[in-house]
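The sequence lines fix the lettering, A, B, ..., with proteins before strands; numbering per chain opens at 1. Note that this is a predicted model, so its numbers are computed, not measured. No hydrogens, no waters, no symmetry mates; every other heavy atom, side chains included, goes into these values.
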Amino acid sequence: MKNWWKSGDPWIWLTAASVTISIITVISLLIFISVRGLGHFWPSTIVEAQHIQPNGSTIRIIGEMWDDETVPAARLRDNGIEVEGNWVKRYLIKTGNRDFLGFDFRWINDFELKQQTFPQDLIAVERKEWGNFYGYLKAVKEKNQIIAEGKTAWVELQKRLQRAIEISEKIYAIEKDQIGKINYGLERLRLEQRRLQLNNKLEPAKLASIEQRKAVLNEKFAELNEILGKLYQKINRDSLSAEIMDGRIVDISLAKVIRVYQPNTMSLLDKMQFYLMKVWEFLSEYPREANTEGGIFPAIFGTIIMVLIMSVIVTPFGVIAAIYLHEYAKQGFLTRTIRIAVNNLAGVPSIVYGVFGLGFFIYFIGGNIDQIFFPEALPAPTFGTPGVLWASLTLALLTVPIVIVSTEEGLSRIPSSIREGSLALGATKAETLWHTVLPMASPAMMTGLILAIARAAGEVAPLMLVGVVKLAPSLAIDTYVPFIHLERKFMHLGFHIYDVGFQSPNVEASRPLVYATAFLLVMVIIVLNITAIWIRNRLREQYKTLET
Amino acid sequence: MEPTKKTSPVITALNQPATIRRRKWRIFKDKLAAHSMTVGGISVIIAICLIFFYLLYIVYPLLMTPNMDKQHQYTTPKLEAGETFHLAIEEKNRIGVRFTKQAHAIFFDLNDGKTITDYQINIPVGTNITSFAVADLATDVIGFGLSDGSVVIVKHVYDLDYSEFETQDVRIIPRIEYPLGEEPIVIDEQAQALIQLDIQLGEENNIITAITADNHLKIKSLAMETSFLDDTTFVNFDDAETGELLLQATITHILLDKEQRTIFLADEEGQISYIDINDITEPTIMQRLRVVEIGQEITAIEFLTGDISLLIGDSEGRISQWFLVRDDNNNNVLTKIRQFHQQRFPITSIAIEERRKGFVAADNIGQVGFYHTTSHRNLMLEALTESPLTHITISPRADVLIAEDKQHNLQVWHINNEHPEVSWASLWGKVWYESYQEPAYIWQSSSASNDFEPKFSLTPLAFGTLKAAFYAMLIAVPLSILGAIYTAYFMAPKMRSMVKPTIEIMAALPTVILGFLAGLWLAPVLESNMPGMFLLIFLLPIGVLMFAYIWRYVPAKIRHYIPAGWEATLLIPIILFVSWLSFTLSSPLELLIFNGNMPQWLTSELGISFDQRNAIIVGVAMGLAVIPNIFSIAEDAVFSVPKHLTMGSLALGATPWQTMVRVVILTASPGIFSAVMIGMGRAVGETMIVLMATGNTPIMDFNIFQGLRTLAANIAVEIPESEVASTHFRILFLSALVLFIFTFFLNTLAEIVRHRLRRKYSSL
């Protein structure tokens with residue numbers, strides 16, 4: 001034993017344990033996020049059970065089993081509940097029906113839960129507001145007249161729901177696209193008028209033309225409003241009535257329903273189909289109900305747009321700076337200092353960049369742009385407020401050291417014999433750079449760019465100051481002239497996680513969505529990083545052969 | 001050129017005009033590229049430097065000393081209407097008003113002193129004015145005490161006329177209003193003159209308090225009532241509450257606070273009486289104490305904005321701040337907080353700033369001194385005139401000062417005093433804030449009310465930053481450095497090529513995800529499994545060592561199945577098992593020792609307060625975020641220790657571990673040091689994790705079970721709602737600058753050390 005200690009072997013084992021712990025943590029973290037994130041979309045069965053109240057009576061509980069935990073019985077005894085034994089298992093049941101029951105989650109102790117069954121005809125309804133609904137379908141109604149009851153109700157419901165969804169899509173198209181366009185046009189006319197007024201060029205003829213265009217738009221608006229009114233009447237025609245857990249029969253207008261399903265009767269294939277549909281909805285739809293339901297399309301879109309703009313800015317500047325430092329600058333104390341400084345900037349906290357972006361880009365540059373180019377909109381700021389352009393610029397600044405360092409590394413890996421060969425053949429320095437050095441260094445630049453993108457996609461703190469919002473009413477690219485609106489605020493995957501996870505009114509209900517978002521973000525970033533590492537390794541292999 | 005070369009076809013070709021042109025064009029392109037690269041490169045570098053300079057540029061105004069410049073001087077407008085007793089300026093700094101001892105309100109143009117309106121205030125015929133009172137400045141209410149024991153209350157109001165807004169500026173029309181009606185309010189039934197007076201009008205209640213000629217303190221409280229019909233409010237004169245108190249000394253000043261709870265009386269003997277009027281009908285003197293040195297007298301006394309602190313000026317130019325402090329017996333005791341002694345002559349008038357805790361004092365040799373209480377700064381001292389100043393007033397925005405001297409000259413000064421609340425002491429030291437029992441380090445930047453005292457102590461934030469970094473490093477340093485040593489030195493190359501990228505991937509993991517997992521998942525899990533976590537820390541090394549010991553006695557045949565350098569894989573099941581064991585034992589252990597609830601036990605038995613999102617959570621989450629950074633650099637440092645050193649050591653008979661400790665670590669220690677520095681820099685500046693995994697409470701407590709707030713998280717939380725160019729905004733920039741400099745310093749240190757190391761290796 002003593003010898004063993006002396007040999008130092010135990011220490012080696014401890015160092016081995018450190019690596020193992022780190023690896024286990026990383027991998028289990030990834031697995032944990034994947035399981036939680038991917039599990040969210042699977043349709044879970046609905047349970048019906050009797051909940052024994054402290055006074056002996058029972059109430060019926062219908063809902064999804066959401067979570068469970070084991071707590072010491074002592075804690076319950078402290079709260080005045082009589083329990084035997086040391087441990088109590090309890091379940092978190094999502095009972096849904098927030099509008100009828102007041103709250104949609106409840107903890108129920110295992111011993112109070114009896115007669116768990118999974119009735120086939122329980123339905124789950126996804127709604128546009130108030131979260132999920134669980135209950136028994138009783139009837140389908142048209143203008144409060146019962147159309148179908150019992151078994152036929154389910155079939156009838158499918159048919160009528162299809163119709164309601166089609167109308168709802170029409171309404172959405174009118175409200176979002178056409179009326180949105182009119183409002184945008186009216187706003188532009190208002191600004192035009194104000195601009196002319198500010199420049200003292202508001203002649204009667206111009207005013208008349210503006211007024212006329214306004215009138216046209218308003219007329220169109222009235223027309224659309226009329227159509228909308230009719231559609232609303234149509235969509236509110238049908239409703240379903242269902243029995244909820246406390247025995248009440250309630251009506252739900254089909255206008256509010258997104259989909260209805262019977263999870264307890266679904267086969268594995270059905271469930272898989274449902275799963276894929278939910279994943280697609282998650283990726284392609286807008287969020288609903290304060291981001292706790294629906295999809296995250298705007299966040300994905302915002303992240304991509306921001307990263308794209310950032311790449312467009314960061315690549316040329318980063319590469320130029322690296323070429324300057326490596327090829328043109330005189331290698332001496334100053335260049336070495338600059339190199340160290342650039343390297344260090346990668347370690348400066350990102351929030352500092354956010355503060356800089358807020359002060360310099362938004363208040364200083366943006367404020368001045370507003371004064372010069374958009375005086376008609378003042379005091380409402382156009383560029384003098386957080387937006388996607390400023391966020392991209394801030395992140396470009398944040399990631400430019402990464403690109404510089406990576407590109408320089410690539411440049412320094414190119415053997416000088418290649419440069420010298422090119423120069424000896426009579427090429428100028430610029431030609432050497434352009435035709436030999438840069439192509440060879442391009443994978444390094446690529447690596448730098450990918451690392452920069454990965455960093456930018458995961459960065460949240462600076463974005464909170466320079467342009468990210470919890471809910472962006474419109475995307476940065478749309479069908480209105482000039483199509484790209486860089487001054488707009490945007491949504492971002494990372495911020496979405498923070499916002500939904502921490503600022504949401506209904507944390508419990510939104511948690512799975514956060515895991516799903518986190519999973520998506522992690523996947524994107526890991527794929528980007530692995531690509532970068534792969535390119536880097538291939539690059540190294542390439543030059544190894546050159547050097548020999 | 002030599003003639004022989006003319007014949008060479010190459011030269012001929014080279015000298016053809018097209019070739020020359022082309023060559024010139026190429027050289028031009030080369031030059032252009034060189035210049036544009038230089039310009040581009042340098043501008044990127046400048047852009048990066050801009051961050052530092054811009055932060056500095058925003059922070060710089062905090063350091064500027066205030067100054068003032070004279071705008072106008074004229075004789076007091078409408079001197080014939082009587083001596084001034086109060087001066088005021090309206091919000092836009094265009095109109096001033098002078099209330100005189102003959103019941104006139106004279107509104108004048110601040111720029112030229114021309115009278116705009118001379119308003120005669122209605123007082124009953126046959127009476128004259130014997131005392132004056134200025135209510136809370138924000139209300140613009142003035143009271144006149146009359147010789148017949150009644151009081152007239154007026155308010156100066158400024159109507160804005162936007163009718164000609166398109167062509168010229170807003171017009172301001174001043175007028176006088178009687179908020180409690182034009183009828184004088186009787187305070188003394190015996191109709192004695194009111195010698196001293198103070199009033200406060202509130203939304204629910206109004207109090208008038210006065211000293212009568214026979215030295216009685218009279219208090220009258222008039223409640224506001226809301227009409228049931230149209231929601232308007234009116235004063236209920238019928239149910240007035242009154243109180244009375246006979247006084248001994250001769251009172252020179254009376255002050256009633258705007259909360260209408262206390263009255264302070266200053267008397268000729270230099271003493272202050274603190275009177276509690278929570279019950280109007282029974283005013284009680286709670287305390288009477290001397291506030292100036294013997295031989296001195298109280299020459300001026302004023303409430304600091306907020307009506308919590310008293311500012312007392314004496315005849316030697318000292319100004320002291322006092323407020324009620326709750327002592328150990330739960331009694332309010334008037335306590336001296338701080339003193340300013342910049343001026344040397346009797347203070348004649350104190351003007352307080354309406355929205356900040358600053359004030360201006362005038363003395364009888366014509367000087368004014370500017371002060372700020374929280375930062376305890378003597379901001380500036382300026383001689384305005386030779387003769388004594390009788391009245392000074394500062395505008396609501398604290399940017400214009402008007403002063404009247406004994407010769408009836410009125411001066412208007414513009415003041416440049418943007419950030420008086422900042423001083424080294426107020427940022428980093430303990431400050432005795434209003435209503436606190438003792439000096440403290442507090443960060444509390446904003447509140448809804450206008451007269452709130454902002455508390456800008458960066459100390460708790462810096463402390464929180466270091467606390468979070470400390471706990472993160474406590475977890476990250478051992479794991480990552482030991483791990484790096486094993487990976488670089490003992491691990492099989494093949495395994496190393498898998499392990500290194502895996503850990504490096506973690507560096508790219510968005511911190512928002514770590515923060516979210518820590519805050520929403522880890523925090524509740526750890527709260528209910530606390531003993532398990534401590535058990536894990538304890539059992540892990542023991543378990544690993546036990547396994548290692550047993551492994552020695554496993555038959556060699558089995559042992560040799562595991563190739564050298566793959567031992568770490570053996571530990572995977574061991575570690576998983578130990579973790580599972582600890583967390584399974586957690587609940588029984590909790591039941592056995594901690595009554596089933598460790599957090600509660602900590603609070604009740606040990607008196608340690610417990611937050612769910614505490615320093616452990618931050619330590620774990622941020623530790624995970626920092627591990628890859630430290631690991632990667634430390635691993636590089638250990639790995640690049642020249643092989644001949646280790647070979648030599650091993651050849652001389654040292655065991656691998658001895659070689660490790662005596663040769664490798666020693667050689668690589670600068671690299672390891674720089675790895676730790678870089679990890680530290682990352683931990684200090686990390687924002688999202690601390691934002692999500694702590695309660696963000698700016699407290700100074702090293703307790704591992706409590707939350708914290710870091711500089712970075714503070715910026716993220718507060719900057720979006722801070723007003724641009726305000727002191728708060730600049731202080732947040734200052735904290736960003738502090739973070740920038742601190743991390744830049746750490747990183748540079750690390751980088752320099754690493755460079756040295758690299759050079760040393762290449763020479764070895």
Bottom line for Tyr515(A): the part with an atom under 4.5 Å from chain B's heavy atoms is both

When the 4.5 angstrom heavy-atom criterion is applied to Ile320(A) and chain B, the contacting part is both

With sequence neighbours left out, the residues meeting ring pair (Phe, Tyr, Trp, His ring centres under 6.0 Å) with Tyr489(B) are none

Bottom line for Val522(A): the part with an atom under 4.5 Å from chain B's heavy atoms is both

When the 4.5 angstrom heavy-atom criterion is applied to Tyr328(A) and chain B, the contacting part is side chain

Applying a strict 4.5 Å limit to non-hydrogen atoms, the region of Phe317(A) in contact with chain B is both

For residues 335-362 of chain A, the salt bridge (Lys or Arg N to Asp or Glu O under 4.0 Å) pairs (sequence neighbours left out) are Arg339(A)-Glu408(A)

If one checks every heavy atom of Leu433(A) against chain B at 4.5 Å, the contacting part turns out to be neither

Per-residue tally against chain B (heavy atom, under 4.5 Å) across Thr15(A), Thr20(A), Val19(A) peaks at Thr15(A)

Under 4.5 Å to a heavy atom of chain A? For Arg682(B) that would be neither

If one checks every heavy atom of Val319(A) against chain B at 4.5 Å, the contacting part turns out to be neither

Bottom line for Leu358(A): the part with an atom under 4.5 Å from chain B's heavy atoms is side chain

For Ile351(A) and Gly685(B), the nearest pair of non-hydrogen atoms, with its separation, is CG2-O, 4.4 Å

Residues Ala17(A) and Val544(B): closest non-hydrogen pair is CB-CG2, 3.8 Å

Within residues 452-462 of chain A, contacts to chain B at heavy-atom distances under 4.5 Å involve Gly458(A), Val460(A), Ala461(A)

Compute the ring centroids of Phe502(A) and Phe516(B), then answer whether they are less than 6.0 Å apart. no

Query raised in the report: Do Pro349(A) and Val684(B) have side-chain heavy atoms sitting under 4.5 Å apart?
Result: no

| query | Is it true that a side-chain atom of Asp30(B) and a backbone atom of Ala430(A) form a donor plus acceptor pair closer than 3.5 Å? | reply | yes

Honestly, the part of Ile24(A) sitting under 4.5 Å from a heavy atom of chain B is side chain

Cut-off 4.5 Å, heavy atoms of chain B, and the answer for Asn343(A) is side chain

Ranking Met464(A), Glu431(A), Arg36(A), Arg511(A) by heavy-atom pairs under 4.5 Å to chain B gives rank one to Glu431(A)

Honestly, the part of Ile323(A) sitting under 4.5 Å from a heavy atom of chain B is side chain

task: Return the orientation label for the Trp13(A) and Phe547(B) ring planes: parallel under 30°, perpendicular over 60°, tilted otherwise.
output: perpendicular

So the salt bridge (Lys or Arg N to Asp or Glu O under 4.0 Å) pairs with at least one residue in residues 732-751 of chain B (sequence neighbours excluded) are Glu751(B)-Arg754(B)

- Task: Ignoring hydrogens and angles, tell me if any N or O in the side chain of Thr428(A) forms a donor-acceptor pair with the backbone of Ile27(B) under 3.5 Å.
- Result: no

Turns out that what part of Met491(B) lies under 4.5 Å from chain A's heavy atoms comes down to side chain

Whatever's closer than 4.5 Å to a heavy atom in chain A on Pro478(B) counts as backbone

Whatever's closer than 4.5 Å to a heavy atom in chain A on Ile51(B) counts as both

- Query: Does the pair Leu345(A) and Phe740(B) meet the rule for a side chain to side chain contact (heavy atoms under 4.5 Å, CB included), with working shown?
  - Reply: CA-CA 9 Å; Leu345(A) 277 174; Phe740(B) 181 93; 4.0 Å; yes

Turns out that what part of Leu451(A) lies under 4.5 Å from chain B's heavy atoms comes down to neither

Okay, Leu711(B) and chain A: the region with an atom under 4.5 Å from a heavy atom over there is neither

Applying a strict 4.5 Å limit to non-hydrogen atoms, the region of Ile574(B) in contact with chain A is neither

Aromatic plane relationship, Trp657(B) with Trp11(A) - under 30° parallel, 30 to 60° tilted, over 60° perpendicular | parallel

